[in-house]
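These numbers come from a predicted model, not from an experiment.
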Amino acid sequence: MSSDPYGDRGNKDATVAKRHGEGSIVSRQSSGAAFPAPGGPFLIGQGMTGGYGKGPDILHDCTIAVERGEIAVIVGPNGAGKSTAMKAVFGMLDLRAGHVMLNGEDITALSPQDRVAKGMGFVPQTNNIFASMTVEENLEMGAFIRTDDYSATMEQIYDLFPILRDKRRQAAGELSGGQRQQVAVGRALMTQPKVLMLDEPTAGVSPIVMDELFDRIIDVARTGIPILMVEQNARQALEIADKGYVLVQGANAYSGSGKDLLEDEDVRKSFLGG
C-alpha cells in the first residue's frame, strides 16, 4: 500500500451518514491506557471490564474510542480480547465496570438492537450475509429499520462498491470472499449509521482483495462516518488508521496514531514482526 494511504481518495458524499453532532479529539498515548480528552469522542467504550456470562473477565479497564471521520483500529495478538472489546461496545456482553457513550449519550444499558436504532452499524467477522438471498435483497434487509425511501442510499452503495451493482441479482453466497464482505458492509450502511464497526473485515481474503477492502473502508470514512475496526493484519491496518489501540490480555498496552504505533520500536518488535 502507499505510504500515504489517504492521498486524495475517498467518496466525499456525506449523505450516506446521519450527521448529528461532533466529538472532540482523544489524547494519544504512546503506551498504556487511552484517556478521552475533555468533552469526549463521538464513540467511546471507557474503562470496560467484563466477560461472557458468568465467566472470568476478558476485558480489564479497556478503553476504545473513535471520532467522526476517523478510522480507529484495534490490533493485538490472538486471544487479546480485540473482538470482545468490539462486542462490548456494541452491547453483546454485559460490562461489570465502565460505560459506552455515543455522541454524548450513555448507551451502556441498551441492547444491540437499540444501539442499531441509535445509529451503530456492526459487521461481524462470520455469518454476516444472507447467502441464499440476492445482493440487492441483502441490502434491502439492511434497511429494515427505515421508513423512508432508501433507494438513494442503495445507489450510493452501488457507487461505493460497483461490483455489487453488476451482481445485484446474484445470490450473495455465490460471491467471492471479498465481494461478500462488501455486501456485509453495504447492508450495514443501508441503516445510515452514525458509526460503523467492522470485526476483521479482511479475514480470509487475498492481499490484493485486502488492499481493495481497505481502500473502500477509507472511502466510507471520508463520508464522515467513524469506523472502529478489529484487524489481524496489524501493519496494513495501522497504515490507514487515524488511531490505533494495541490490546494485550484484554487491556490497553499501547495507543496512539497509526503512524506513531508503526514507528514505535516496542510495537514493531512485539506485534508487527520487527
Under 3.5 Å, is there a donor-acceptor pair between the side chain of [X] and the main chain of [Y]?
| X | Y | value |
| --- | --- | --- |
| Lys82 | Pro77 | yes |
| Thr223 | Val220 | yes |
| Asn103 | Phe42 | no |
| Arg187 | Leu139 | no |
| Arg115 | Leu110 | yes |
| Asn252 | Thr63 | yes |
| Arg146 | Met190 | yes |

Taking the side chain as C-beta and beyond, is there a heavy-atom pair between [X] and [Y] under 4.5 Å?
| X | Y | result |
| --- | --- | --- |
| Met101 | Ile107 | no |
| Ile64 | Leu247 | yes |
| Phe214 | Met229 | yes |
| Ile217 | Pro201 | yes |
| Lys194 | Ile225 | no |
| Tyr254 | Leu261 | yes |
| Met48 | His60 | no |
| Val66 | Val195 | yes |

Stepwise salt bridge (charged side-chain N to carboxylate O under 4.0 Å, His left out) test for Lys167 and Glu174 = CA-CA 10 Å; Lys167 296 181 178 290; Glu174 298 175 357; over 6 Å; no
Please report the interatomic distance [atom1]([X]) to [atom2]([Y]), rounded to the nearest 0.5 Å.
| X | Y | atom1 | atom2 | value |
| --- | --- | --- | --- | --- |
| Thr134 | Arg168 | OG1 | CZ | 10.0 Å |
| Ile71 | Glu239 | CD1 | CD | 12.0 Å |
| Asp219 | Leu213 | CG | CG | 11.5 Å |
| Phe271 | Asp266 | CZ | CG | 9.0 Å |
| Asp215 | Asp211 | CG | CG | 6.5 Å |
| Tyr150 | Gln192 | OH | CD | 12.5 Å |

Please table the atom pairs, donor to acceptor, closer than 3.5 Å between any side-chain atom in residues 90-100 and protein atoms at least two apart or in another chain.
from  : atom 1 : to    : atom 2 : distance (Å)
Arg96 : NH1    : Gly55 : O      : 3.0
Arg96 : NH1    : Asp57 : OD1    : 2.4
Arg96 : NH2    : Gly53 : O      : 2.7
Arg96 : NH2    : Gly55 : O      : 3.0

Here the salt bridge (Lys or Arg N to Asp or Glu O under 4.0 Å) pairs for residues 103-113, sequence neighbours left out, are Glu105-Lys118
Would you mind listing every salt bridge (Lys or Arg N to Asp or Glu O under 4.0 Å) that reaches into residues 123-144, with sequence neighbours excluded?
-> Glu136-Arg169
Distance only, no hydrogens: is a donor on one side chain within 3.5 Å (strictly under) of an acceptor on the other, for Gln181 and Asn128?
-> yes
Got a sec: does the CD of Glu263 have more than 12 other heavy atoms crowding it under 6.0 Å?
-> yes
Decide if atom CG of Asp148 counts as having more than 12 heavy atoms of other residues, nucleotides or ligands within a radius under 6.0 Å.
-> yes
Passing candidate, side chain to side chain contact (heavy atoms under 4.5 Å, CB included) with Glu200, options Thr126, Val123, Val230, Ile74 | Val230
Indicate the atoms forming the closest heavy-atom contact of Pro41 with Ala65, along with that distance.
-> CG-CB, 3.5 Å
Pro193 and Gly121 have their tightest heavy-atom pair at CB-N, 3.9 Å
Could I get the full list of side chain to side chain donor-acceptor pair (under 3.5 Å) partners for Thr202, not counting sequence neighbours?
-> Glu231, Asn233
Which residues satisfy the side chain to side chain donor-acceptor pair (under 3.5 Å) test with Ser83, sequence neighbours excluded?
-> Asp199
Output all residues satisfying salt bridge (Lys or Arg N to Asp or Glu O under 4.0 Å) with Asp149, sequence neighbours left out; order by chain, then residue number.
-> none
